Amino acid sequence: MNDERILIRRAGALHGEVSIPGAKNSVLKLMAATLLAEGTFTLGNVPDIVDVGIMAELLAAIGVRSERLPGGVLRMVNSGEISPVAPYELVERIRASINVLGPLLGRFGRVSLSMPGGDDFGSRPIDMHVKGLEAMGATFEMRHGVVEARADRLHGADITLEFPSVGATENIVTAAVHAKGTTVLDNAAREPEISDLCNFLVGMGAQIEGIGSSTLVVHGVEPGELRATQHQVVPDRIQAATYMAAVAVSGGEVVLRGARADHMEMLLRRFRDMGLAVTDIGTGLAVWAEGRLRSIDMATLPYPGIATDYKPLVVTMLAVADGVGIVTENLYPGRFRYVEELQRLGADIRADGHHAVVRGVPALSGAPVRAPDIRAGAALVVAGLAADGETSVAGVHHVDRGYDDLVGRLAALGADIRRVPAG
Ligand code: EPU
């Protein structure tokens, strides 16, 4: 863990161009899916973030080697010598380690996996993963924090998720590609990163229909029939939204190279309601902000709704907007912890259960704060751009898990921001 801090001072409008790296929540899943076939995989547009390194270590322990090449390329080699045991020391560090469950169970018929870690948003169960895989013939035992799953050969099944869980959708699909027969998954999550995973699997030879919709139909192929492939990771819509929020609170005009409007439609609509001008320029998005933002009400929902991961950014924007905004969290009840940190910066926010009432103030005032998780950490950095005096954000290791050089990218746009060692 590093104890560095990020120091920010308000420096006015941002200008220039920023490239949007590949999505953390896609690349980690693509990496896990390399367990499905032998050979050499090449992933492009891979973000330089800590979680990619942790996933690479986890996969190395299981049997897939990764090598970073220049230009955002990750080469991964599955030599076929796989040991389907995911050790606790690595699993506890990222939630996405749960994504080895589907591929290992479908391909090798057994998995031993500690319960995954990741951000602490209260309880994050895996009951939907388990129920879906059980419907396909798997059996589960949970003992001493370890999930032991087995299946001779999974079979296709009709599965309806109670809630469009991202992780459950991914595990069921990656297990179904090798199941005997057809799996129909209803109420599947539809996030762009799930479509990216499905397209990657199709590139490996999997047969999947309904990609991008809430009904995914997977026709299983025989184990051994899938092959290694090359793939470009989709751009990270949450990182893109972070730079938008930075422009929104600072003013200015910035081009987000690679950002995709079609992955962020609902959010863009609400950002425009707040007064941000966003134009799709084909190769990315041009964002322009002038004057004070207007408050809106907003609720998080599964895609195509507004993602919970955007919420700390929106709350930060509302903290300096004109008026009162009510934000409702529908996914993680415990995900308002960063509010106390924003309050330290002078934000007027009352959070209670699933709701936060944000009364905009003209400016925040810089103070030392601590990032409680990845997205909240980035939001505190954005808040620092809108604060008088100096803001110091500790807990930078959280930010590094999901952001590829946030500080360097903001500095290149004209922000007064730097990293300093602990102390
Ligand atoms: N849930 C259950 N049972 C399950 C699965 C999920 O009750 O079997 C609940 C969870 O507890 C949570 C909700 O359903 O309250 C949503 O969970 P989901 O499975 O959709 O999310 P996830 O796969 O655990 C991914 C992202 C999160 C993001 C959510 C929602 C990754 C590694 N993580 O988590 O991203 O917030 O989807 O969009 O893809 C982040 O990147 O900072 C992050 C936390």
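Residue numbers run from 1 in the order of the sequence given. Every number for a ligand or one of its atoms is a count from 1 in the order of the listing. A quick note: this is a predicted structure, and the numbers were derived from the prediction, not measured.
Between the side chain of Gln343 and the backbone N or O of Ile349 there is at least one donor-acceptor pair closer than 3.5 Å. A distance-only check finds no donor-acceptor pair linking the side chain of Asp416 to the backbone of Arg10 [under 3.5 Å].
With respect to Arg401 and Asp373, no salt bridge is recorded, no charged nitrogen being found less than 4.0 Å from a carboxylate O. A salt bridge does not link Glu141 with Arg150: none of the charged nitrogens is closer than 4.0 Å to a carboxylate oxygen.
Close contacts of ligand 1 with Phe163, meaning ligand atoms under 4.0 Å from a residue heavy atom, involve 13 (C), 14 (O), 16 (C). In the vicinity of Lys29, heavy-atom distances shorter than 4.0 Å reach the ligand 1 atoms 31 (C), 32 (C), 39 (O). Taking a cut-off of under 4.0 Å to the non-hydrogen atoms of Ile126, the atoms of ligand 1 that pass are 4 (C), 8 (O). Taking every non-hydrogen atom of Lys24 and a distance limit under 4.0 Å, the qualifying atoms of ligand 1 come out as 40 (C), 41 (O). If you number the atoms of ligand 1 from 1 as listed, the ones under 4.0 Å from a heavy atom of Tyr332 come out as 12 (C), 15 (O), 21 (O), 27 (C), 28 (C), 29 (C), 30 (C), 34 (O), 36 (O). Taking every non-hydrogen atom of Arg375 and a distance limit under 4.0 Å, the qualifying atoms of ligand 1 come out as 40 (C), 41 (O), 42 (O).
Rounding to the nearest 0.5 Å places CG of Leu256 at 12.0 Å from CG of Asp236. We find the CG-CD1 distance between Leu161 and Ile172 to be 5.0 Å, quoted to the nearest 0.5 Å.
In Asp352, the CG atom is not crowded: 12 or fewer heavy atoms of neighbouring residues, nucleotides or ligands sit closer than 6.0 Å. Environment of CG in Asp127: crowded, with over 12 heavy atoms of neighbouring residues, nucleotides or ligands closer than 6.0 Å. Heavy atoms from other residues, nucleotides or ligands lying under 6.0 Å from CD of Glu340 number 12 at most.
An N or O contact shorter than 3.5 Å is missing between Ala96 and ligand 1 by distance. In terms of N/O distances under 3.5 Å, ligand 1 is approached by Ser165. The distance criterion of under 3.5 Å between nitrogen or oxygen atoms is not met by Thr308 with respect to ligand 1. Considering backbone and side-chain atoms alike, Met128 places an N or O below 3.5 Å from some N or O of ligand 1. Taking any N or O of Val166, backbone or side chain, at least one lies under 3.5 Å from an N or O belonging to ligand 1. Of the polar atoms of Gly167, at least one N or O is found under 3.5 Å from an N or O of ligand 1, judged by distance alone.
In this structure, of Asp309, Asp373, Leu301, Leu161, the residue bringing a heavy atom nearest to atom 27 (C) of ligand 1 is Asp309.
Using 4.0 Å as the threshold, Gly402 has no heavy atom nearer than that to any atom of ligand 1.
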